[in-house]
There are 2 protein chains.
Amino acid sequence: MAKRNYGQFCGLAHAADLVGERWALLIIRDLLVSAKRFTDLRRGLPRIPTNVLSARLKQLEADGVIERRVLPRPEGSVVYSLTDYGHDLEPIVHALGRWGARSMGEPKPDDIVTPDSLVIAMRSTFQPDVAAALTASWELRAGPAVIHVKIDEGKLTTDVGELPDADLTIETGPAIKALMAGELTAEQAIEAGHVRLEGNPALLTTFAEVFRI
Amino acid sequence: MAKRNYGQFCGLAHAADLVGERWALLIIRDLLVSAKRFTDLRRGLPRIPTNVLSARLKQLEADGVIERRVLPRPEGSVVYSLTDYGHDLEPIVHALGRWGARSMGEPKPDDIVTPDSLVIAMRSTFQPDVAAALTASWELRAGPAVIHVKIDEGKLTTDVGELPDADLTIETGPAIKALMAGELTAEQAIEAGHVRLEGNPALLTTFAEVFRI
DNA sequence: CTGGATCCCTCACGATACTG
DNA sequence: CAGTATCGTGAGGGATCCAG
């Protein structure tokens with residue numbers, strides 16, 4: 001049984017054949033942050049059925065977008081990662097994320113925030129020109145999702161997990177989006193209790209300037 | 001009944017909620033070329049069921065990506081066009097199209113080529129720096145799809161339809177992709193009979209340089 | 001415990017017919 | 001022309017189970 005496809009000899013149609021199916025782009029989003037095992041992907045995409053995840057991974061691998069590697073002993077575990085071709089989707093994922101964020105209102109009651117999505121949000125909103133020559137680090141906590149962001153002389157690195165010696169730790173909720181969109185100033189966010197800070201509070205303004213929707 | 005969504009407070013997930021469903025991106029592709037009526041969209045997407053087209057148009061309108069306008073008399077007909085927000089997808093559609101084109105092999109027997117997809121292919125592969133200060137025009141015929149391309153002092157305009165006074169008319173098939181990808185030189189394409197020209201044949205090489213996968 | 005496979009159910013999609 | 005109506009099919013969703 002051949003895969004369903006759009007039947008058009010067109011780059012966009014072919015791209016949609018490859019990564020246009022449900023969940024595919026979110027799998028790629030998480031793999032852009034780091035290579036992952038099957039179970040890690042499940043954790044980052046709690047609502048994906050395992051059979052769908054399994055099917056997507058198979059198809060994406062067959063299409064040359066991701067790779068499946070079995071680690072050497074003693075782990076013996078399976079790791080999925082992007083191929084070079086798949087990794088070339090990064091600017092597209094970033095641009096789509098920025099585009100979508102512009103019309104994203106308040107989170108619905110059972111919306112979740114995953115660490116990987118936060119990392120991508122940081123990477124895609126980073127303003128290199130604003131951050132030129134800047135050096136600073138933040139830890140960002142949104143509910144259970146904890147990530148960190150470092151800028152070293154204008155160069156960005158960001159990943160999931162804590163950063164105990166961060167210059168500023170920001171504990172926040174959805175308001176972080178309003179802050180990054182400029183709908184809220186740092187002062188307003190602090191006053192309204194939308195953020196809890198630990199460290200150098202002046203760096204909250206810097207943060208809002210460097211990461212911009 | 002609420003729309004199915006990914007349940008993640010994430011720009012990419014939200015974008016996928018808006019334009020990630022089947023056919024949505026192809027509808028947007030065609031609307032990027034020009035505003036269209038329901039029947040025009042059907043013509044450009046022959047395999048889309050009308051109820052799906054109808055559902056997509058409704059949802060995209062509700063989400064602020066497209067607009068539905070009823071033309072004043074005597075037409076009284078309905079026209080769909082992109083909103084400003086929807087139009088902002090253009091660079092993303094172009095980038096995805098280029099990405100997909102890289103892994104697009106030979107067309108399958110019943111693959112079709114539509115005029116709109118060709119126009120988008122031209123726009124997304126246009127190399128402004130190569131074309132700087134250039135002035136030339138082409139008519140491109142791929143089966144029933146006929147489009148034209150004009151470059152006026154480096155500025156590109158392209159649309160569906162003929163261009164009787166084009167500097168060069170190119171009648172071709174899938175080989176146009178190989179030509180644009182550099183897998184085939186203009187001479188080889190001519191020699192192998194992949195293209196039929198009418199006009200200034202030297203402009204075929206120019207074409208292959210200016211439109212590059 | 002990881003990495004899936006399997007089952008069942010539902011609903012979105014696909015094909016076609018039909019209407020204002 | 002611009003859709004709606006109907007109906008069959010298959011992909012997606014959810015739970016459970018199994019092998020290494």
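Numbered from 1 within each chain, the chains take letters A, B, ... in sequence-line order. Bear in mind that the values here come from a model prediction, so they are computed numbers and not experimental data.
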Length of the CG-P vector between Leu41(B) and dC1(D), whole Å: 13 Å
Arg37(A) vs Asp40(A), salt bridge (Lys or Arg N to Asp or Glu O under 4.0 Å): CA-CA, chis, key distance, verdict: CA-CA 5 Å; Arg37(A) 292 172 303 174; Asp40(A) 301 328; 3.4 Å; yes
side-chain N/O Ser54(B) vs dT4(D) OP1/OP2, d < 4.0 Å: yes
Residue Arg37(A), side-chain heavy atoms: nucleotide from dT2(C), dG12(D), dG4(C) that is nearest: dT2(C)
Protein-nucleotide distance (Arg22(A), atom CZ; dA12(C), atom C1'), rounded to Å: 10 Å
Contact under 4.0 Å: Lys36(B) side-chain N or O vs dA2(D) OP1/OP2: no
N/O (side chain, Ser77(A)) to phosphate O (OP1/OP2, dT2(C)) under 4.0 Å: no
For atom CD1 of Ile27(B) and atom C1' of dG3(D), their distance in whole Å: 14 Å
Sugar-phosphate, base or nothing in reach of Arg56(A), heavy atoms under 4.0 Å: sugar-phosphate
Phe38(A) side-chain proximity, nearest of dG4(C), dA2(D), dG14(C): dG4(C)
Worked check of salt bridge (Lys or Arg N to Asp or Glu O under 4.0 Å) between Glu183(B) and Lys177(B): CA-CA 9 Å; Glu183(B) 302 159 4; Lys177(B) 204 208 76 184; 5.0 Å; no
Nearest-neighbour nucleotide for the Val78(B) side chain, dC13(C), dA2(D), dG4(C) considered: dA2(D)
Sole candidate of Leu31(B), Leu18(B), Val65(B) that passes side-chain contact (heavy atoms from CB on, under 4.5 Å) when paired with Leu60(B): Val65(B)
Sidechain-backbone polar pair: Thr158(B) side chain, His148(B) backbone, donor-acceptor under 3.5 Å: yes
Glu198(B) atom CD, neighbour heavy-atom count above 12 within 6.0 Å: no
Rounded distance (Å) that lies between atom P of dG10(D) and atom CD of Glu21(A): 15 Å
Spacing between Tyr6(B) atom OH and dA12(C) atom P, to the nearest angstrom: 14 Å
Parallel, tilted or perpendicular: rings of Tyr80(A) and Phe38(A) (30°, 60°): tilted
Distance below 4.0 Å between Tyr80(A) side-chain N/O and dG4(C) OP1 or OP2: yes
Rounded distance in Å - NZ (Lys3(A)) to P (dG14(C)): 14 Å
Plane angle bin for Phe126(B) and Phe211(B) - parallel if under 30°, tilted between 30 and 60°, otherwise perpendicular: tilted
Sugar-phosphate or base contact per nucleotide [nucleotides 15-20 of chain C; S, B, -; heavy atom under 4.0 Å]: BBB---
Trp138(A): which of Leu204(A), Asn200(A), Leu168(A) passes side-chain contact (heavy atoms from CB on, under 4.5 Å): Leu168(A)
Gap between atoms CG and P, on Leu53(B) and dC13(C) respectively (whole Å): 13 Å
Presence of Trp23(A) side-chain N/O under 4.0 Å of dA11(D) phosphate oxygens OP1/OP2: no
Touch class at under 4.0 angstrom, heavy-atom based, for Arg68(A) against every strand present: sugar-phosphate
Distance in angstrom units between Leu71(B) CG and dC1(D) P, rounded: 14 Å
